[in-house]
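Residue numbers start from 1 in every chain, and the chains themselves are labelled A, B, ... in the order their sequence lines are given, proteins ahead of strands.
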Amino acid sequence: MYIMRSKRVAWVTVNTLTPLFWMVFAGSQDFKMRFHSFGRIIRWSLGPQLCRSIPSCQGSMEEAIECANDMEKNGLSPDVVTFNILAKGFHLLGLMSGAWNIIKKMLLKGLHPDQVTYTILICGHCQAGDVDEGLKLREEMLSLNLPLNCISYTVLLSSLCKSGRVVEALNLLYEMEATGVRADIVTYSILIHGLCKQGEVQKAIMVYRDMISKRIFPNSFTQTSILLGMCQRRTIKEARMYFDALTTSNLTDCVVWYNIMIDQYAKCGKIGEAVDLYKQIITKGITPSTVTFNSLIYGFCKQRKLDEARWWLDAMKLYGVIPSAITYTILMNAFCEERNMQSMLALFHEMETKAVVPTHVTYTVIIKGLCRQWKLQEAVQILNDMYAKGLRPDQVTYNTIIQSFCKARNLENAFQLHTEMLARDLVPTPVTYNLLINGLCVYGELTDADSLLVSLQDRNVKLTKVAYTTIIKAHCAKGDVQRAIFYFDQMMEKRFEISIKDYSAVINRLCKRSLLTEVKFFFLMMLYDGIYPDHQICEAMLNAFHERGDLQSHFQLLGEMIKLGLLID
DNA sequence: TTAGGGTTAG
C-alpha cells in the first residue's frame with residue numbers, strides 16, 4: 001500500500017535499491033501484494049524515461065532488470081508478468097534482441113511464455129515491418145495450444161492493414177469469429193480504418209454493420225475512420241456533411257476530426273474553409289494540435305503564400321503548440337519548390353537550434369533542393385550523412401537522386417544508387433524502375449531499356465503502367481513500331497487501364513514520323529477499345545494525312561469528326 | 001500486475 005501512494009516513493013525505493021522497500025514489506029503476509037508492487041516499480045522505472053532518448057532509456061532498463069534481480073535476491077521469483085514487463089520495455093525501445101534475451105531467461109527458469117509474451121513479440125516484428133514473422137508466431141501459438149486472444153489478433157490485424165493487406169486482415173476477423181474470439185471496438189476500428197484507407201469503403205461499411213449487429217457501438221476512433229473513408233471516396237461536401245453531423249451530435253468534439261477536415265480543405269486549395277474550421281476549434285475551446293497547424297501551413301504553402309505560412313508557424317508558438325519536424329519540413333519543401341535554398345536552409349538551422357530532430361523526409365527535401373541546383377555530389381553526401389546520423393533513407397530519397405543523375409545523363413551513378421538500394425535491403429519502387437527505364441530511353445540505349453524491362457518482368461518485379469508507356473513512347477519516337485505494338489499488347493494483357501492520353505502519346509509520335517499505316521492501326525485499336533477520340537488527336541492525324549497527301553484518309557477522318565461533333569464549322 | 005486503435009510533410 002505504501003508503494004501505491006505516489007510515484008515519488010517508488011522512485012526513492014528503486015534508486016536506493018530497496019532497503020526502504022523491504023523495511024516496509026518485512027513481515028508482510030501478503031506475498032502476492034509484495035510481488036505486484038515489484039511489477040509496479042519496474043513499470044515506473046521504465047515509464048518516465050521511455051519517452052526520452054535511447055541512452056537514458058537503456059539506463060532505466062538496467063534499473064528495471066536490476067530491480068528484477070533484486071527480487072530474486074530477496075527470495076521472490078520473477079514470474080511471467082515480470083518478464084513480460086521487461087520484454088515490453090525492450091520492445092518499446094525497439095531493442096527486440098533484448099526482448100528475446102528476456103524470453104530466453106524466462107525459458108531457462110522453466111516459465112512458459114503466455115499470450116501476452118507472444119503478443120509483445122508479435123508487436124515487435126510487426127512494428128519492424130515484418131508481419132509475416134508475426135504470423136509465424138501465430139502458427140507457433142496455435143501449435144502450442146495457446147489460443148490467440150482479441151489483443152493478439154488485433155496486433156496482427158493492425159499490421160496487415162498498415163501493409164495494405166486488408167483482405168488477409170478481414171480473413172483474420174473471420175478466423176476470430178470462427179474460433180469464438182470476440183472482436184472488440186479496437187479490432188473493428190482498425191479494420192474499418194484499414195479498409196477505408198485502401199479505398200474499400202463498401203467492405204468497410206459491411207464490417208461497420210457487422211459491428212453494430214454485435215451491439216458494439218462506434219467511438220471517436222471508428223468515426224475518424226469513416227470520416228477518412230468519406231474524404232477518400234466521396235466529395236469533400238459529403239465528408240463535410242458527415243463531419244457536421246459528428247460535431248453536432250457528439251458531446252465532446254475530437255480535434256482529429258477537425259484536423260482531417262482542415263487537411264482536406266488545405267489539400268484542395270480551400271484555405272479559407274480550413275481557417276474557418278480552425279476558428280471554430282478556438283471558439284469551442286478545443287485545443288488545436290500540431291497537426292492542425294501543419295495542415296494549415298501546408299495549405300498556405302500550396303497556395304504559395306509563404307509569408308502567411310511562416311506566420312502560422314509563429315502563431316503555433318503563441319498557442320504553446322510545439323512545431324514538429326513535419327511542420328518545418330512542410331515549410332522547407334515550399335521554399336525548395338520556390339528555389340529559395342537560403343530560406344530553406346535557414347529553417348533547417350532554426351530546427352536545429354530549437355532541438356527539433358530532422359527526419360529522413362527533412363533530409364530528402366534538402367537533397368531535392370541540392371539536386372535542383374545540380375549539386376549531385378553534395379546530395380549524395382547528405383545521403384551518406386543520413387546513415388551516419390542513424391537515419392534510414394527510403395525509396396523517395398534514392399529516387400530523388402536517381403532522377404537527377406538520369407537527367408544529368410549520368411546513368412552509371414543512377415544505376416550505382418539502384419545497386420546500393422538493393423545492397424541495403426531497400427526494395428526499389430515501381431517509380432525507381434520508371435526513372436531508370438526513362439533514363440535509358442532518353443539518354444542511353446533503347447536496347448538497354450528493353451533488356452531492363454524484360455529482366456524485371458522475368459523476376460516478377462512489380463511495375464506500373466508508366467514503365468510500359470515510357471518504353472512504348474520511346475519506340476514510337478525512334479520508329480520501331482513493331483516493338484511499340486508488342487509492349488502495348490503487354491500493357492493491355494496486364495489489364496492496365498488505358499486512357500486516351502496513352503493512345504494520344506503513341507499516335508502523336510507516329511504522326512511526327514509520318515507512319516500513317518501505324519497511326520490508323522492504333523486509331524482503330526483505340527476505337528475498338530471504346531475510347532472516343534478528342535479534337536487534339538484528330539487534328540494531329542489530319543495534319544499528318546494532309547502532309548503525306550493521303551487525302552482519302554484525311555476526308556474520311558473529317559467525316560468521322562463531324563459525326564462525333566468534333567468539328568464545328 | 002503485462003499486450004492492440006485515428007489525422008499532417010518529401
Among A:Y398, A:Y328, A:F348, A:Y387, whose ring-ring contact (aromatic ring centres under 6.0 Å, His included) with A:Y363 holds?
-> A:F348
Could you check how far CG of A:L313 sits from C1' of B:dT8, rounded to whole Å?
-> 14 Å
Check every strand shown and say whether A:S189 touches a base, only sugar-phosphate, or nothing at a heavy-atom separation below 4.0 Å.
-> base
Could you tell me the separation between the CG atom of A:L137 and the C1' atom of B:dA3, rounded to a whole number of Å?
-> 13 Å
Send over the distance from A:N333 CG to B:dA9 C1', rounded to a whole Å.
-> 7 Å
Donor/acceptor link under 3.5 angstrom from A:S152 side chain onto base of B:dG4 | no
Check: A:Y258 ring centre within less than 6.0 Å of A:Y278 ring centre | no
Between CG of A:L121 and C1' of B:dT2 the distance, given in whole Å, is 13 Å
When we call it a touch if two heavy atoms are under 4.0 Å apart, what does A:C336 touch: a base, just sugar-phosphate, or nothing?
-> nothing
What does A:V365 touch in the nucleic acid at a heavy-atom separation under 4.0 angstrom: a base, only the sugar-phosphate, or nothing?
-> sugar-phosphate
Could you tell me whether A:R165 and A:D132 make a salt bridge, using a distance below 4.0 angstrom between a side-chain N and a carboxylate O?
-> yes
Of the listed nucleotides B:dG5, B:dA3, B:dG6, the one nearest the side chain of A:L228 | B:dG6
Between B:dA9, B:dG10, B:dG4, which nucleotide gets closest to the side-chain atoms of A:T362?
-> B:dA9
A:T359 has its side chain closest, among B:dA9, B:dA3, B:dT7, to B:dA9
Closest listed nucleotide, where the reference is the side chain of A:V116 and the choices are B:dG6, B:dT2, B:dG10 = B:dT2
Reckon A:T397 touches a base, only the sugar-phosphate, or nothing at all at heavy-atom distances under 4.0 Å?
-> base
Take atom CD1 of A:I236 and atom P of B:dT7, then tell me their distance rounded to the nearest Å.
-> 17 Å
For A:V396, answer base if it contacts any base atom (sugar-phosphate contacts may also be present), sugar-phosphate if it contacts only those atoms, and nothing otherwise; contact means non-hydrogen atoms under 4.0 Å.
-> base
With respect to the side chain of A:N259, which nucleotide from B:dG5, B:dT2, B:dT7 is positioned closest?
-> B:dT7
OP1 or OP2 of B:dT7 under 4.0 Å from side-chain N/O of A:K197 | yes
Assess whether atom CG of A:D307 is packed by more than 12 heavy atoms of other residues, nucleotides or ligands within 6.0 Å.
-> no
Are the charged groups of A:K317 and A:E350 less than 4.0 angstrom apart, N to O?
-> yes
Quick one: which of B:dT2, B:dA3, B:dG5 gets closest to the side chain of A:I151?
-> B:dA3
Pair A:R372 + A:E337: basic N to acidic O under 4.0 Å | yes
Ranking B:dG10, B:dG6, B:dT1 by distance to the side chain of A:F221, first place goes to B:dG6
Among B:dT8, B:dT7, B:dG5, which nucleotide sits nearest the side chain of A:H193?
-> B:dT7
Rounded interatomic separation in angstrom, taking CE from A:M344 and C1' from B:dG10 = 11 Å
Considering only side-chain heavy atoms of A:V186, which listed nucleotide, B:dG4, B:dT8, B:dA3, is closest?
-> B:dG4
More than 12 heavy atoms of other groups within 6.0 Å of A:M241 CE = no
Base, sugar-phosphate alone, or nothing: which one does A:C301 contact when heavy atoms must sit under 4.0 Å apart?
-> nothing
With the side chain of A:I185 defined as its heavy atoms from C-beta on, choose the nearest nucleotide among B:dG6, B:dG10, B:dG5.
-> B:dG5
A:I330 near the nucleic acid: base, sugar-phosphate alone, or nothing, with a heavy-atom cut-off under 4.0 Å?
-> sugar-phosphate
Any side-chain N or O of A:K368 under 4.0 Å from OP1/OP2 of B:dA9?
-> no
Over how many whole Å does the gap from A:W257 atom CH2 to B:dG6 atom C1' extend?
-> 11 Å
Atom-to-atom span, CD1 of A:I122 to P of B:dG5 - whole angstrom = 14 Å
Identify whether any heavy atom of A:T327 sits under 4.0 Å from a base atom; if not, whether one sits that close to sugar-phosphate; answer base, sugar-phosphate or nothing.
-> nothing
Answer with base, sugar-phosphate or nothing: what part of the nucleic acid does A:S324 contact at a heavy-atom distance below 4.0 Å?
-> nothing
